[in-house]
Amino acid sequence: NFVSTFTLVGEPDGLRSLGYLAQDTAGNREVVKLATVAVDNTAPLTLLMADGPNGFNAQNHLVVSWRTLLALTAQDTLTGGVASGLKETFYRLQNDIDFSIFSASFTLPLPQGTKTLAFYSRDNLGNAEVIESSVVVLDVATPQISFLSPMPGAVFAAGRHAVSIG
């Protein structure tokens, strides 16, 4: 008779030796057999990357333009010499109800303003990362220049050219 199943949840990541044997009702036992089992209970780690115009505001939020490509990079790092590998990465923008599978870089949709991007990854064994979120500010406004000095009507020498302020 088969006795029971078991899991290795909570065990540290790494390679383990597992011994097993069979015994019949008359008490006859086979020789102990060994199997090597890889334990991976660690979730992947996902990072948000920006390619194109970007910076950070006073609140340390990522500020991007309509041209900035956003990407999610994930890795299932070796822990105890074991990693099952990355299966998929998911993301959700602002008020979307469902998460979508990340497959390619994307830009933020209009209108401009503050948006929240939530994301996480899962490995081949189903270990899922805790949902992360980043506040991203889409800025499509053109910069405005105001001269405080010299006053309007003055002429300012910029290199070899005179620039009229006004």
Side-chain angles (χ1 to χ4, degrees), residues 1-22 30 32-148:
N1 291 342
F2 181 77
V3 177
S4 109
T5 61
F6 63 95
T7 66
L8 297 174
V9 173
E11 287 292 317
D13 289 3
L15 297 175
R16 302 284 180 272
S17 290
L18 179 66
Y20 63 96
L21 61 89
E30 71 175 327
V32 174
K33 294 179 182 160
L34 293 176
T36 300
V37 178
V39 177
D40 177 5
N41 289 316
T42 303
L45 176 65
T46 307
L47 298 174
L48 173 63
M49 308 296 284
D51 183 20
N54 72 83
F56 291 90
N57 64 13
Q59 293 79 30
N60 204 31
H61 296 152
L62 178 62
V63 179
V64 299
S65 82
W66 61 271
R67 297 184 318 259
T68 306
L69 289 173
L70 298 177
L72 298 168
T73 60
Q75 183 177 3
D76 190 24
T77 57
L78 284 174
T79 306
V82 174
S84 64
L86 183 69
K87 183 172 186 180
E88 52 203 353
T89 298
F90 299 91
Y91 73 100
R92 176 177 65 198
L93 185 59
Q94 202 70 7
N95 297 321
D96 292 349
I97 295 170
D98 297 321
F99 279 85
S100 300
I101 295 176
F102 173 75
S103 59
S105 298
F106 59 94
T107 57
L108 289 180
L110 292 171
Q112 80 170 10
T114 301
K115 301 169 189 297
T116 300
L117 181 66
F119 50 89
Y120 72 97
S121 293
R122 185 169 40 210
D123 70 13
N124 287 313
L125 293 178
N127 297 313
E129 172 181 22
V130 173
I131 296 172
E132 300 287 336
S133 65
S134 289
V135 175
V136 183
V137 180
L138 177 61
D139 180 6
V140 296
T142 56
Q144 301 295 315
I145 298 174
S146 298
F147 285 97
L148 301 176

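- Residues Tyr120 and Val130 approach most closely at CB-O, 4.2 Å, considering heavy atoms.
- Ring geometry for Tyr91 versus Phe102: interplanar angle over 60°, hence perpendicular rather than tilted (30 to 60°).
- Side-chain contact between Leu72 and Leu47: absent, with no pair of heavy atoms (C-beta onward) separated by less than 4.5 Å.
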Full working for side-chain contact (heavy atoms from CB on, under 4.5 Å) between Phe56 and Leu62: CA-CA 5 Å; Phe56 291 90; Leu62 178 62; 4.1 Å; yes

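- Rounding to the nearest 0.5 Å places CG of Asp139 at 10.0 Å from OG1 of Thr114.
- Evaluated for a side chain to side chain donor-acceptor pair (under 3.5 Å) with Glu129, the options Thr89, Thr42, Thr46 yield exactly one hit, Thr46.
- Remark: Leu18 CG to Lys33 NZ distance equals 12.5 Å, nearest 0.5 Å.
- With hydrogens and angles disregarded, a donor-acceptor distance shorter than 3.5 Å links the side chain of Asn41 to the backbone of Glu11.
- More than 12 heavy atoms of other residues, nucleotides or ligands shown are found within 6.0 angstrom of OH on Tyr20.
- The backbone N or O of Ser84 sits nowhere less than 3.5 Å from a side-chain atom of Asp123 that would complete a donor-acceptor pair.
- Judged purely by atom type and a 3.5 angstrom limit, Asp76 has no side-chain atom pairing as donor or acceptor with the backbone of Ala83.
- In this structure the side chain of Thr77 never reaches within 4.5 angstrom of the side chain of Leu45, judged on heavy atoms.
- Of the inter-residue distances, the one linking Ser133 atom OG with Leu117 atom CG reads 8.5 Å to the nearest 0.5 angstrom.
- The closest donor-acceptor contact from the side chain of Gln112 to the backbone of Ala141 lies under 3.5 Å.
- Two residues are said to be in side-chain contact when any heavy atoms from C-beta on lie closer than 4.5 Å; Asp40 and Thr79 fail this criterion.
- Heavy-atom minimum distance, Val64 versus Asn54: CG1-CB, 4.1 Å.
- Here the CZ-CG distance, from Phe119 to Leu48, works out to 5.5 Å after rounding to the nearest 0.5 Å.
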